[in-house]
Each structure stands twice: as structure tokens, then as C-alpha cells.
Amino acid sequence: MPTAIATRWVEACAADEIDEEDVIRFDEGGRTFAIYRSPDDVYFATDGLCTHEKVHLADGLVMDSIIECPKHNGRFDYKTGKAKGAPVCVDLKTYPVRVEDGKVLIGLD
Amino acid sequence: MTERMVVIGAGEAGARAAVALRENGFAGTITVVGDEHHLPYERPPLSKAVLTGPDEPAPPHILDEARLAAHSVDLLHSTAATAIDRDAHRVALEGRDPLPYDRLLIATGARARRLAVPGASPETVHYLRSFTEALALRRRLAPGHRLIVIGGGFIGLELAAAARARGATATVIEMAPRLLGRAVPAALAALIAARHEAEGVRLVLGATIARIESAAEGRRVVLGNGDTITGDTIIAGVGALPEIALAEAAGLAIDNGIAVDAHLATDDPDIFAAGDCCSFPHALYDGRRIRLEAWRNAQDQGNAVAKAMLGANERYEAVPWFWSDQYDLTLQIAGLSDLATRTVTRDLGDGARIDFHLAADGRLVSASGLGPNGRIARDVRLAEMLIARRARPSASDLADPQIKLKSLMV
Ligand SMILES: Cc1cc2nc3c(=O)[nH]c(=O)nc-3n(C[C@H](O)[C@H](O)[C@H](O)COP(=O)(O)OP(=O)(O)OC[C@H]3O[C@@H](n4cnc5c(N)ncnc54)[C@H](O)[C@@H]3O)c2cc1C
Ligand code: FES
């Protein structure tokens with residue numbers, strides 16, 4: 001298997017630290033991530049900075065499966081990372097998430 | 001049959017509309033005519049990162065060649081439209097053959113109002129609207145350079161902040177007794193003024209300008225009271241005027257901008273207008289005709305007008321929204337406060353706050369937030385949603401930072 005990249009699972013936060021339909025910021029090793037909890041109680045993770053002007057998305061608003069950037073209201077689908085239109089046109093990188101023993105783990109490569 | 005869409009003005013509204021026409025399924029030709037040399041770019045960074053960023057800046061493009069090609073949008077840059085022939089459905093262009101259209105969008109934006117005092121000329125007074133002008137200003141803003149800003153509005157204050165960031169000095173001269181005029185509540189304007197003074201900006205308020213002089217030691221602004229202020233560069237941010245010349249010459253209705261209806265159509269059903277150049281009736285504010293000079297409005301109207309040009313029948317009624325960045329402070333304003341009779345403040349700590357403006361009937365009509373962007377943005381956004389729903393939240397809930405605005409959404 002030529003392209004298997006080892007995933008490193010990192011504990012981001014306790015599952016109850018994030019409200020439903022909300023987001024928090026998680027910093028690790030000089031990088032910053034956004035961890036989401038959807039209205040139907042599923043966890044997701046993306047890069048933490050908006051692809052428009054590098055603002056922390058965790059200060060933005062979660063609405064359903066959308067994270068809206070706090071700076072100019074650019075929108076992403078945080079489940080897929082897809083940019084949903086101007087002013088953002090570059091997608092967000094997403095990361096796998098696991099919940100174990102009440103903790104949220106994200107898989108970094 | 002609508003086969004040829006033409007857009008005049010390759011700015012925020014025009015570029016957005018061109019892409020949105022495709023996104024909404026239009027299969028004919030789309031031609032965007034722009035008189036600037038660059039590909040469409042965002043203007044807000046011109047008074048911010050373009051001046052202060054560490055590297056020689058590139059225009060912050062809205063569309064690059066690849067996206068233009070992907071959406072099959074033809075851009076005629078460096079080309080001014082000079083006349084609209086409504087009977088023949090043709091736009092006359094500088095140095096090219098006339099362009100036929102089935103539907104036309106005018107998205108010509110606004111231009112900087114010129115300072116009308118003796119001695120003001122293109123050599124003595126600078127303005128900021130284009131990337132080219134921003135680049136020229138950036139080259140001047142070196143440590144020790146003395147910048148004189150005429151006008152204490154958003155652009156003037158962002159320029160003062162940018163000058164300080166580059167180690168230049170800044171003096172802001174404003175005619176009114178306070179900064180930022182009616183658009184910003186007095187209490188917030190006072191906080192912004194205090195911050196500029198703390199950063200070493202000299203504010204000269206309530207001052208009229210008698211004339212501009214050139215002297216050996218630099219440029220001189222002579223005030224109405226006889227005082228003089230000397231500096232190296234004078235830049236004026238004294239408002240913008242809608243670019244209406246083409247529309248006016250074509251006989252379209254004008255009323256503080258190109259007058260459009262709630263669907264962004266002019267009084268010619270094949271001609272639309274969007275962005276800074278147009279005025280439109282706003283349902284949230286008693287159907288009053290307003291004209292905005294705001295980036296999100298240009299973008300939202302670009303999206304909306306594309307649908308209207310394709311025959312949709314949606315009213316444009318997005319809540320007006322504006323932001324400004326000065327130092328590490330962001331000011332965000334949602335809605336219009338003209339109808340407000342009462343203000344309620346939510347203190348978010350560390351100097352960050354939201355002022356909510358309520359109309360006589362208790363309806364939330366506007367909210368202004370000041371502080372680090374991350375502290376205020378969410379609440380201003382939620383306030384915007386409450387404004388759109390014509391909500392009447394209680395003053396005590398608004399004032400209490402423990403109460404999540406999201407919980408007031410019914
Ligand atoms: C320095 C600066 C800072 C700003 N900062 C903010 C901010 O922080 N927040 C905010 O909300 N808004 C801000 N704005 C306002 C925002 O940029 C405008 O509201 C927005 O650009 C309007 O878009 P528009 O498409 O209507 O017009 P424009 O962006 O002005 O585009 C119009 C285009 O049409 C072209 N044109 C005009 N006439 C013709 C013709 N006859 N033929 C061909 N082309 C023509 C013009 O050259 C221009 O390229 C700022 C503006 C400036 C200048
Ligand atoms: S920084 Fe996120 S939309 Fe501009």
C-alpha cells in the first residue's frame with residue numbers, strides 16, 4: 001500500500017465541552033483546528049483558519065452543517081470542508097474524529 | 001430569448017453577478033466590461049492589509065483567469081463603457097466595437113468624492129479607491145512620513161491606523177465635532193477616537209479647511225481658524241459618489257444612485273443595477289430607498305441580481321452589514337439605526353461591547369459591535385438574524401452577556 005499515511009490520534013477535548021450546534025478551537029503542535037458538534041450530536045474537525053483571510057473559525061457561528069466565518073461570513077460545510085461560495089473559494093481540510101470514553105480524538109497525519 | 005448578458009463594472013458586484021449567472025444555470029454568453037487594468041479584486045483590503053502587509057502586495061482577486069475560464073466569463077479589462085443605447089440594446093465601448101446585450105447589469109460602483117478647496121489638485125491631494133492608488137500610498141508610508149488624512153470616516157481612520165502600523169505619523173482632520181458621522185453610535189465613535197489617540201494619531205475635530213498650500217517643508221493644510229498642519233502626503237476620505245453617468249445619460253431614473261426596485265431592476269426592464277452605484281427600497285426599513293457602500297451588500301446584490309436577470313421574482317432584503325478594522329479592533333454594524341429610539345449595551349468584557357438599537361415599537365433595527373473580531377462577531381451575526389426576523393427581544397435579555405442571543409431566536 002504505497003500511500004498509507006499513519007494517523008496519529010490526538011485528544012482534542014471532552015465531548016461535553018462543546019454544545020450541540022457549536023464549535024471550539026483546538027491548538028496542537030503549532031497548528032490550530034476547529035472541532036464541531038452538529039445538531040444531531042456528531043463530532044467533526046477541520047483546519048482552524050478560514051481560507052479567505054486566516055481568521056479563527058471557532059469564533060464563528062455554526063448553523064446546521066455550516067460554519068460561518070466571523071470575519072466576512074464566508075461559509076463552509078464543516079462535514080466535508082466544502083467552501084459554499086464567495087468570499088471563500090478554497091475548501092477547508094477536514095480530519096477524522098472519534099469519540100471514546102467521553103473524549104473527542106482527532107486523527108492527524 | 002435571453003442569450004447575451006453584459007455587465008458594466010468588474011468590481012465586487014459585477015464579478016459576483018457574472019459567476020452567479022452561471023451558477024444559476026445561464027448558458028448564453030456573459031461579458032464583463034471593466035475599466036481597470038486588473039482582474040476583479042476586493043477593495044476592503046486596500047486600506048488594510050495592502051498597506052500594512054509585510055510583502056509587496058498583489059491585488060486580492062475575486063476571480064482569477066482559471067475561474068473566469070471555468071465559468072466561461074469573458075472579461076474585457078482596461079475597457080470603459082461609454083454609452084448605453086437602450087433602443088438598439090448596445091453598449092458603446094472605448095476602442096472596441098459596441099457590445100449587444102439582451103440583459104444589462106450596471107455595476108459601476110462609486111468613486112471618491114473630491115475635496116473642493118483652493119489648492120486641492122491631483123498633485124496635492126490623494127484618494128483611495130483602486131489598487132493602483134493603494135500601491136502608490138503604500139510606497140509613501142515609510143517610518144517618519146507625515147500623513148494628513150482629511151475626513152474622519154471609515155477609510156480615513158483605517159488609513160491613520162495603517163500609517164501608524166508603518167511607523168508614519170498621522171493627523172486626521174474632521175469637519176464634524178466627532179468621528180464617523182451618523183453611521184456609528186456616538187459612544188462607540190468616542191471609544192474609537194480614544195484608541196487612535198492612544199496610538200499617537202492626532203485628531204483635529206470640528207475643523208474646516210480653507211486651502212491647501214505647497215511649501216518647502218511639505219504640504220500644508222490651512223484650517224478655517226487659521227491654524228496650519230504640515231505633512232508629506234495629504235489623502236482625503238470625504239465620501240464616495242455613485243458612478244451614475246452612463247445610466248443618467250441613458251435616461252434611467254436616478255435617485256441618490258441608479259434607482260432600482262426591490263428586484264434590482266431599473267425602470268428599463270432589461271437593465272439592472274447592483275452594488276454601490278444603486279439605491280433600492282428596503283422592506284425592513286419602511287420601504288425607504290437606501291444606497292449602501294458596503295462590501296457584503298455588493299456581493300449579495302451581485303448574487304441576487306443574477307437571479308433577477310434570469311427572471312426570478314425574489315425581493316432583495318438582506319440586512320445591511322458593514323465592518324471596519326482599525327488596529328486590533330473590529331467594528332461591525334448590522335442594520336440601520338435611523339429608526340431607533342433606544343440603545344441597550346451588552347458588555348462583553350475587555351472593552352468589547354455590542355450596542356443594540358431598538359425602534360419605538362421594541363423591534364431590533366440595528367446592532368453595532370466593537371472589540372476584537374473574535375469577541376463580537378458571533379453576537380452581531382445573531383443580532384442580524386434577529387433584525388431580519390423583525391424580532392422584539394427584551395432589553396434586559398440583550399444587555400445580559402450570560403444570555404445567549406441564539407436562545408432569543410424563536
Ligand atoms: C479603500 C476601501 C476600503 C473599504 N473597506 C470596506 C470595509 O472594510 N467594509 C465594507 O463593508 N466595505 C468596504 N469598502 C466598500 C466596498 O469595497 C464597496 O462597497 C464595494 O467594492 C462595492 O462594489 P461594487 O461592485 O458596487 O463597486 P466597485 O467595487 O467600486 O466596482 C466598480 C467597478 O466598475 C468600474 N467602472 C466604473 N465605471 C465604468 C465604466 N463606465 N466602464 C467600465 N468599468 C467601469 C470601476 O472602475 C470599478 O472597477 C471599502 C472601499 C474602499 C475603496
Ligand atoms: S476571513 Fe473568513 S470570510 Fe474572510
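Lettering of chains follows the sequences in order, A, B, ..., and the numbering in each one begins at 1.
- Heavy atoms of A:C69 lying under 4.5 Å from chain B are absent altogether.
- A:L61 and B:R378 make their closest contact through CD1-CG, 3.8 Å (heavy atoms, listed as atom of the first residue, atom of the second, distance).
- A:P70 and B:A377 make their closest contact through O-CB, 3.2 Å (heavy atoms, listed as atom of the first residue, atom of the second, distance).
- Residue contact with chain A, scored on non-hydrogen atoms closer than 4.5 Å, involves the side chain of B:D325 exclusively.
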Test log, rule salt bridge (charged side-chain N to carboxylate O under 4.0 Å, His left out), inputs B:K404 and A:D19: CA-CA 12 Å; B:K404 289 193 169 187; A:D19 290 341; 2.8 Å; yes

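- Only the side chain of B:M385 comes within less than 4.5 Å of a heavy atom in chain A; its backbone stays farther off.
- Between A:K71 and B:W323, the closest heavy-atom pair is CE-NE1, 4.0 Å.
- Taking a 6.0 Å sphere around NZ of A:K79, one finds it holds more than 12 heavy atoms contributed by other residues, nucleotides or ligands.
- Around CD of B:E65, the count of heavy atoms belonging to other residues, nucleotides or ligands within 6.0 Å does not exceed 12.
- For A:D40, the CG atom is densely surrounded, since the number of other residues' heavy atoms within 6.0 Å is greater than 12.
- The contact between B:R67 and chain A is made entirely by side chain atoms (from C-beta outward), counting heavy-atom distances below 4.5 Å.
- Looking at heavy atoms from C-beta onward, B:P60 lies out of side-chain contact with A:E53 at the 4.5 angstrom threshold.
- Contacts of B:Q332 with chain A are made by side-chain atoms alone, with heavy-atom separations under 4.5 Å and no backbone atom involved.
- No side-chain heavy atom of A:D59 sits less than 4.5 Å from a side-chain heavy atom of B:N373.
- Ring pair A:H72/B:W295 is perpendicular by interplanar angle, where above 60° counts as perpendicular and below 30° as parallel.
- Scanning both residues, B:E42 and A:P87, for their nearest heavy atoms gives OE2-CB, 4.0 Å.
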